[in-house]
Number of protein chains: 2
Amino acid sequence: MDPNPIGFHQHDHSHCVADAVAEADRSCREAGLQLTPVRKRTLEILLEEHRALGAYDVLARLAKDGFGSQPPVAYRALDFLTKHGLAHKIERLNAFIACAHPGDIHTPAFLICTSCNAVAEAETDPSHSLLSQIAETTGFHISKAVLEAEGTCPNCITDAAK
Amino acid sequence: MDPNPIGFHQHDHSHCVADAVAEADRSCREAGLQLTPVRKRTLEILLEEHRALGAYDVLARLAKDGFGSQPPVAYRALDFLTKHGLAHKIERLNAFIACAHPGDIHTPAFLICTSCNAVAEAETDPSHSLLSQIAETTGFHISKAVLEAEGTCPNCITDAAK
DNA sequence: GCCCGAGACGTGATAACATAACACAAATTT
DNA sequence: AAATTTGTGTTATGTTATCACGTCTCGGGC
Ligand SMILES: [Zn+2]
Ligand SMILES: [Zn+2]
Ligand SMILES: [Zn+2]
Ligand SMILES: [Zn+2]
């Protein structure tokens, strides 16, 4: 199992958490949002994995770090992060993942490997999307789209073949 | 609120439940599957609505009809129906809906109206889909796709405008 | 006819996910 | 200073989903 799959490629993970947190810090300050200690720590927890974490997993880690130990603590922090585009909820897994492209306006699509549990976030062009086309022909107005695919990532396909 | 929105159009609902059940009956017999009383009743319950029902809603109705009253009763019937393409789970809602195009091999996409709770199932061309393209470029093998859009249906847009 | 295994259904119990309601503290507004 | 807003913590509860086990039924093999 690949410990560092982002887009299913190996990468240097050592700086990527710190960089993302610094960037989140900056963008929150710019937008007048409070990236408080719990929220920042929650983002770090998500960034430490390139897979989706359940709210209770996050909660356990927060509690271990001295924050509250009750579900609302985690859910509120996760709500903040998802609301402001710093994290996403993977509906299929009832779990959360740090956004791989924060700052950009994007309709994320996720590729979930059922073998190694890695989750990759792909950029999509909203205007070309299937759902947009359907919406256009039916007159439906989309406010939020969920695009998630489950399957096997390239790494796991290779592993299975050997 | 539109009581009969399928694809957000009015339609004659009187025969549509019975027809769908008869078709399911036929296709199960053909495939050697057992469309047992609980399973058939569960399908009817889903067909009676053009919106998604939670497993516990289904369970309550099953219990009222003399079937078991414990969660596995509903979940097993729903698992059977979803596994064999007679129903789908709407991940965003943690709820289930009868398939609008049973028999066809399809990658369903759903349009969920947050105003009237109607859910429309759209046919999609899997090969043209966004996710397929992403998968192709990344080497990811998709086994199941979730395509769900939340927003406002044409009927509710019109209603809001008046 | 009888045994056996697979599949379906029922039960009680429990796990996993999520929110409601309230108290308190700090920062901001009036 | 008082009121308001925002954030964090708590207890309690609600909602969704699965586990483990016993029973029944319907085949096929003997
Ligand atoms: Zn990384
Ligand atoms: Zn994998
Ligand atoms: Zn109908
Ligand atoms: Zn509507």
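For B:Arg39, the listed nucleotide lying nearest its side chain is C:dA8; candidates were C:dA8, D:dT18, C:dG10. Minimum atom distance to the side chain of A:Thr36 is reached by D:dG7, of the listed C:dT11, C:dT19, D:dG7. Distance from the side chain of B:Ala55 is smallest to D:dA17 among D:dA17, D:dT8, C:dC9. Relative to the side chain of A:Pro72, the nucleotides C:dT11, C:dT19, D:dG9 differ in distance, and C:dT19 lies closest. The side chain of B:Asn94 has D:dT16 as its nearest neighbour among D:dG9, D:dT16, C:dG10.
Applying the 3.5 Å distance criterion, the base of C:dA15 shares no donor-acceptor pair with the side chain of A:Tyr56. Side-chain to base pairing of B:Arg76 with C:dG7: no donor and acceptor N or O lie closer than 3.5 Å to each other.
Sequence order on DNA chain D of the closest nucleotides to A:Phe80 and A:Ser69 puts A:Phe80 first from the 5' end. For the pair A:Lys89 and B:Phe67, both in contact range of DNA chain C, the more 5′-proximal nearest nucleotide belongs to B:Phe67.
For the pair B:Leu93 CG and D:dT15 P, the computed distance is 16 Å after rounding to whole Å. The separation between A:Tyr75 atom OH and D:dT10 atom P is 16 Å, rounded to whole Å. In this structure, CG of B:Leu78 is placed 15 Å from C1' of C:dA8, rounded to the nearest angstrom. For the pair A:Asp79 CG and D:dG7 C1', the interatomic distance rounds to 13 Å; values are reported in whole Å. One atom, CG of A:Leu59, and another, P of D:dG9, lie 10 Å apart when rounded to the nearest Å. Taking atom CG of B:Leu81 as the reference point, atom P of C:dA8 lies 12 Å away to the nearest angstrom. Rounded to whole Å, the distance from CZ on B:Phe96 to C1' on D:dT15 is 13 Å. For the pair A:Leu53 CG and C:dC17 P, the interatomic distance rounds to 11 Å; values are reported in whole Å.
Aromatic rings from B:His88 and B:Phe110 are positioned such that their centres are separated by under 6.0 Å.
A salt bridge links B:Glu48 with B:Arg41; the closest basic N to acidic carboxylate O contact falls under 4.0 Å. Ion pair B:Glu148/B:Arg92 not flagged as a salt bridge, since none of the NZ, NE, NH1 or NH2 atoms sits closer than 4.0 Å to an Asp/Glu carboxylate oxygen.
OP1 and OP2 of D:dT6 both lie 4.0 Å or more from every side-chain N or O belonging to A:Gln34. A sub-4.0 Å separation between OP1 or OP2 of D:dT11 and a side-chain N or O of A:Gln70 is present.
For the residue pair A:His101 and A:Glu123, a side-chain donor N or O sits within less than 3.5 Å of a side-chain acceptor on the partner.
Between B:Ile134 and A:Leu111 there is a side-chain heavy-atom pair separated by less than 4.5 Å.
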